[in-house]
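Scroll down for the structure; my scribbles are underneath it.
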Amino acid sequence: DGTDYYVLSQNTISSDATSAASVYYCTTAGTYYTGGALSFSIPIDSLAVGTTIHIKENGTYQDFLIIHKGSPSTAYQGFDNSVVVLRTDIHSEGVYDSSNNDYGVSELNTWCNEDYLNTIDSAVRTKIKDVKIPYREGDSGSKVESGSNGLSCKAFTLSAQEVNSYINVFPKEGAIFSYFLDGNNNKRIAQFENTNARYWLRTPLLERTDFSLTVNPQGSANYSTTY
């Protein structure tokens, strides 16, 4: 019918896959969906920051935004030749942690890399890279572990710095991701069940062990107890 089709394969969209579950097609609006047939290939990093793609979670398509391409800075490992995507809507309600704001051992980090990751379509999940992200380890004040000392993960919650909402009572974890460079609060707004809602970032409050940063329904920085 004239629609252009693509298939996700390793770090590129190519025509060498055979599973329909890994096929992506492009509409004239520039959004990408799974399903369909093959035509020709393009590099995945040719898709612009801000492009919407659609990935299955437990068999149901969900919207994700491309928010960065390549490595944001030397504070990160494993991001070369990669695309970072962000789920546009809040997945569910839950605590950061039941006792403290140490992200590396938090219930939130465990949920991201176990419970949530296992909901992603297997054809996509096998292509998600192991990376290291900058984070504040334990109760270490403003010191941020980064580079080879960063936190190993596949899925993660963004930091205050990455969404360009840094304030000085939080450690500065990493670099601003491209999608958020203009500082537009509206880009940080997310919905839960069709209503603007608050969501967690991984960045802890420096003065307390039981507070962490959130983004409020208006897209601005705030903080809350972790439980």
### Task
Using the side-chain contact (heavy atoms from CB on, under 4.5 Å) rule, take Q161 and I176 through it: C-alpha gap first, then chi angles, then the decisive distance, then the call.
CA-CA 6 Å; Q161 179 71 1; I176 300 171; 3.9 Å; yes

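- Residue V144 is not grouped with residue Y135 when hydrophobic side chains (ILVMFWY) are merged at heavy-atom distances under 4.5 angstrom, including chains of intermediate members.
- Proximity of a side-chain donor or acceptor of R188 to a complementary backbone N or O of N164 within less than 3.5 Å is detected.
- A ring pair (Phe, Tyr, Trp, His ring centres under 6.0 Å) check over residues 206-225, counting only residues at least two apart or in different chains, returns the pairs F211-Y223.
- Considering only heavy atoms from C-beta on, S106 stays 4.5 Å or farther from W111 through its side chain.
- Between atom CG of residue L108 and atom OG1 of residue T157 there is a gap of 3.5 Å, rounded to the nearest 0.5 Å.
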### Task
Please step through side-chain contact (heavy atoms from CB on, under 4.5 Å) for the pair L201 and S159, ending with a clear verdict.
CA-CA 5 Å; L201 300 179; S159 73; 5.9 Å; no

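- Sorted by first and then second residue, the salt bridge (Lys or Arg N to Asp or Glu O under 4.0 Å) pairs involving residues 165-186 (not counting sequence neighbours) are D182-K187.
- For the pair L47 and K69, the tightest heavy-atom approach, listed with the atom from each and the gap, is O-NZ, 3.0 Å.
- Judged by distance alone, with hydrogens and angles left aside, the side-chain atoms of Y76 form a donor-acceptor pair with the main-chain N or O of A175 at under 3.5 Å.
- N109 contributes a side-chain N or O that, together with a main-chain N or O of G104, makes up a donor-acceptor pair within less than 3.5 Å.
- No side-chain heavy atom of D63 sits less than 4.5 Å from a side-chain heavy atom of R87.
- Side chains of S220 and N185: a donor on one and an acceptor on the other come within 3.5 Å.
- Legend: residues meeting side chain to side chain contact (heavy atoms under 4.5 Å, CB included) with E107, ordered by chain and number and at least two apart, are V95, D97, S98.
- Looking at heavy atoms from C-beta onward, L151 lies out of side-chain contact with E145 at the 4.5 angstrom threshold.
- For the pairing with I67, the side chain to side chain contact (heavy atoms under 4.5 Å, CB included) check across V163, L86, V83, T51 returns one residue only, L86.
- Note on residues 153-162: pairs passing salt bridge (Lys or Arg N to Asp or Glu O under 4.0 Å), not counting sequence neighbours, are D130-K154, E162-R202.
- Residue pairs that meet the ring pair (Phe, Tyr, Trp, His ring centres under 6.0 Å) test with at least one member in residues 178-198, sequence neighbours left out, do not exist here.
- Within the model, atoms CG of L117 and OG1 of T110 stand 12.5 Å from one another, a figure rounded to the nearest 0.5 Å.
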### Task
Would you check, one step at a time, whether the test side-chain contact (heavy atoms from CB on, under 4.5 Å) holds for C153 with V131?
CA-CA 6 Å; C153 60; V131 298; 4.1 Å; yes

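- No continuous path of ILVMFWY side-chain contacts below 4.5 Å connects I66 to I189, so the two sit in separate hydrophobic clusters.
- Of all the heavy atoms in P134 and S146, the pair that sits closest is CB-CB, 4.0 Å.
- Qualifying side-chain hydrogen bond (donor to acceptor under 3.5 Å, both in side chains) partners for S152, counting only residues two or more places apart in sequence or in other chains: none.
- Under the 4.5 Å side-chain heavy-atom criterion for ILVMFWY residues, no single connected hydrophobic cluster contains both V105 and Y116.
- Checked by atom type and distance alone, the side chain of T203 pairs as donor or acceptor with a backbone atom of A160 at under 3.5 Å.
- Considering all non-hydrogen atoms of both residues, S99 and D210 come closest at O-CB, 4.4 Å.
- Taken to the nearest 0.5 Å, the OG1 atom of T214 stands 4.5 Å off from the CG atom of N222.
- Side chains of P72 and F177 form a contact here, defined as non-hydrogen atoms less than 4.5 Å apart.
- Annotation for R198: atom CZ does not count as buried by contact number, only 12 or fewer foreign heavy atoms lying within 6.0 Å.
- Residues F64 and T52 are not in side-chain contact: their nearest non-hydrogen atoms beyond the backbone lie 4.5 Å or more apart.
- To the nearest 0.5 Å, the span separating CG on D121 from NE2 on H54 amounts to 14.5 Å.
- If you take CZ on R208 and CG on N100, they are separated by 12.5 Å, rounding to the nearest 0.5 Å.
- Proximity of a side-chain donor or acceptor of N101 to a complementary backbone N or O of T226 within less than 3.5 Å is not detected.
- Between the NZ atom in K127 and the CD1 atom in I120 there is a gap of 15.0 Å [rounded to 0.5 Å].
- A pairwise comparison of heavy atoms in Y96 and S212 identifies CE1-OG, 3.1 Å as the closest pair.
- Panel note: side chain W200, backbone G94; a donor-acceptor pair is recorded below 3.5 Å.
- Counting only heavy atoms from C-beta outward, the side chains of N81 and F79 never approach each other to under 4.5 Å.
- Taking hydrophobic clusters as Ile, Leu, Val, Met, Phe, Trp and Tyr residues chained together by side-chain heavy-atom distances below 4.5 Å, I90 does not share a cluster with Y227.
- Between L206 and P171, the closest side-chain pair of non-hydrogen atoms falls below 4.5 Å.
- When all heavy atoms of L213 and A221 are compared, the closest pair comes out as CD1-CB, 3.8 Å.
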